[in-house]
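Below is one structure, written out as structure tokens, with a few remarks after it.
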Amino acid sequence: MILALNIGNSNITFGSYTPDGKLVFSSRLFADTALSSDELLYKMVNMLALYGAEPQEITAIIFSSVVPALTPRIREALRKMCEAPVMEVGPGLKSGVRIRMDNRAEPPLVVVNFDTATTLLAVDDTGALVGGAILPGPQCSLASLVKNTAQLPQVELEAKPRRLLGTNTADCLHSGIVHGTSAMLDGMVAQFRAALHADDAPVIATGTLPSSVRDCCVTEITYRETLILDGLFAIWQRNTRR
């Protein structure tokens, strides 16, 4: 099996694929920068066991990371876990993302990844990645508010707000974060579509986007939980073809 991992600021997502691209399982771990390589190894081995997999079954690994503090520890943990070759996404690796793609009939596209930060990327009708925007994710915004205020409570973002107009502090905060994030997303997508000159450009989202936010959006959003892992597997395929 091929193991794909993405190390983000809040989560480590990983999944197992068969050589022909079938996703066997996917899971998520909290990305704690205090973890040692042995602790990361312990967590990954136990997560594999949870899904009935063993390190010896791994034939290849590909991973990407935006957390420099965790990257060398992940490398070490993977080397300890098995003897499979490890491919790290970085300069020199064929990603398949080019300024001009072969298929010019592809429509413009907006891709959104939710983690600690929310990242929006714009792809034009030639398949070119033309730019993007980065802003705080809803969990980050909520955590900052709770930490830096005296009386604002923690609320559950996955739950749908009971009402738009809150009648107590918790409901007001819940509505503000969920409806505010959805309004922000609707507004940013509208501006991206205008920049792409495509009012109907589809929106694909991944990461830790709460279902409550998706439900409150006016924009139609296609959510693919394993989008990044699927992309990592595609990169692995592209770089191992003979």
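Along the sequence shown, residues carry numbers from 1. Every heavy atom of this structure was used, including side-chain atoms; hydrogens, water molecules and symmetry mates were not.
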Side-chain heavy-atom pair Val66, Ile7 within 4.5 angstrom cut-off: no

Heavy-atom pair of closest approach, residues Ala205 and Ile221: CB-CG2, 3.6 Å

Hphob cluster co-occupancy, Leu109 + Val130, side-chain heavy atoms under 4.5 angstrom: no

Cluster overlap Leu3 with Val24, hydrophobic side-chain contacts below 4.5 Å: yes

Approximate separation, where rounding is to 0.5 Å, of Glu54 CD and Met1 CE: 8.5 Å

Minimum side-chain heavy-atom gap Asp230-Tyr17 below 4.5 Å: yes

In one Ile/Leu/Val/Met/Phe/Trp/Tyr side-chain cluster, 4.5 Å: Ile2, Leu232: yes

Full working for side-chain contact (heavy atoms from CB on, under 4.5 Å) between Ile62 and Ile235: CA-CA 8 Å; Ile62 180 169; Ile235 292 173; 3.8 Å; yes

From Gln139 atom CD to Thr208 atom OG1, the distance as rounded to the nearest 0.5 Å: 4.0 Å

Side chain to side chain donor-acceptor pair (under 3.5 Å) assessment of Asn11 paired with Thr13: CA-CA 6 Å; Asn11 297 278; Thr13 54; over 6 Å; no

Heavy-atom side-chain contact between Val112 and Met188 under 4.5 Å: no

Non-hydrogen atoms of Pro138 and Phe114 that approach each other most closely: CD-CD2, 3.6 Å

Test salt bridge (Lys or Arg N to Asp or Glu O under 4.0 Å) applied to Asp215 and Lys160, step by step: CA-CA 8 Å; Asp215 291 343; Lys160 185 177 181 179; over 6 Å; no

Straight-line distance of Asn239 CG to Met87 CE, nearest 0.5 Å: 5.0 Å

Donor + acceptor pair across side chains of Asp124, Thr126 (<3.5 Å): yes

Lys80: side chain to side chain donor-acceptor pair (under 3.5 Å) partners, not counting sequence neighbours: Ser37, Asp38, Glu76

Side chain proximity check, Leu48 to Glu57, heavy atoms < 4.5 angstrom: no

Check: Glu39 side chain, Ser36 main-chain N or O, donor-acceptor pair, under 3.5 Å: yes

Stepwise side-chain contact (heavy atoms from CB on, under 4.5 Å) test for Tyr223 and Arg214: CA-CA 9 Å; Tyr223 180 72; Arg214 300 202 300 271; 3.8 Å; yes

Qualifying side chain to side chain donor-acceptor pair (under 3.5 Å) pairs with a residue from residues 111-122, counting only residues at least two apart or across chains: Ser10-Thr116

Row check, Phe14 ring normal vs Arg28 NZ/CZ: under 6.0 Å, within 45°: no

Leu40 versus Ala77, closest heavy-atom pair with distance: CB-CB, 4.2 Å

For Ala122 against Phe192, the heavy-atom pair lying closest together: CB-CD2, 3.7 Å

Min side-chain heavy-atom separation Thr169-Leu152 under 4.5 Å: yes

Working for salt bridge (Lys or Arg N to Asp or Glu O under 4.0 Å), residues Arg193 and Asp199: CA-CA 5 Å; Arg193 284 172 167 171; Asp199 293 339; over 6 Å; no

Reported NE2-to-CG distance for the pair His197 and Asp125, which is rounded to 0.5 angstrom: 9.5 Å

Joint cluster assignment, Leu229 & Met47, ILVMFWY side-chain distance < 4.5 Å: no

Check against side-chain contact (heavy atoms from CB on, under 4.5 Å), Leu135 and Leu120: CA-CA 9 Å; Leu135 54 152; Leu120 294 93; 3.5 Å; yes

N/O donor-acceptor pair under 3.5 Å between Asp32 side chain and Ala34 backbone: yes

Listed once per pair and sorted, the ring-ring contact (aromatic ring centres under 6.0 Å, His included) pairs that draw on residues 38-89, sequence neighbours left out: Phe25-Tyr51

Heavy-atom donor-acceptor pair, Ser144 side chain to Cys140 backbone, under 3.5 Å: no

Minimal non-hydrogen separation, Trp236 against Thr240, with atom names: O-OG1, 2.8 Å

Heavy-atom pair of closest approach, residues Pro85 and Thr59: CD-O, 3.3 Å

Same cluster (ILVMFWY, side-chain, under 4.5 Å), Val89 and Ile61: no

By side chain to side chain donor-acceptor pair (under 3.5 Å) - contacts of Glu158 (at least two apart): Ser211

Quick one: side chains of residues 172-187, donor-acceptor pairs under 3.5 Å with protein atoms, not counting sequence neighbours, listed by atom name and distance.
residue	atom	partner	partner atom	Å
His174	NE2	Glu156	O	3.0
His174	NE2	Ala159	O	2.8
Ser175	OG	Leu164	O	2.6
Thr181	OG1	Ile177	O	2.6
Ser182	OG	Val178	O	3.4
Ser182	OG	His179	O	2.8
Asp186	OD1	Val218	N	3.2
Asp186	OD1	Thr219	N	2.9
Asp186	OD1	Thr219	OG1	2.6
Asp186	OD2	Val218	N	2.9

Residue pair Met44 / Leu78, side-chain heavy-atom distance below 4.5 Å: yes

Sub-4.5 Å side-chain heavy-atom contact between Val213 and Cys217: yes

Nearest-0.5 Å distance, NZ of residue Lys43 to CG of residue Leu35: 6.0 Å

Distance, nearest 0.5 Å, that separates CD of Glu220 from OG1 of Thr222: 6.0 Å

Residue list, salt bridge (charged side-chain N to carboxylate O under 4.0 Å, His left out) with Glu88, at least two apart or on another chain: Arg75

side-chain contact (heavy atoms from CB on, under 4.5 Å) evaluation trace for Leu23 with Thr226: CA-CA 9 Å; Leu23 178 67; Thr226 61; 3.7 Å; yes

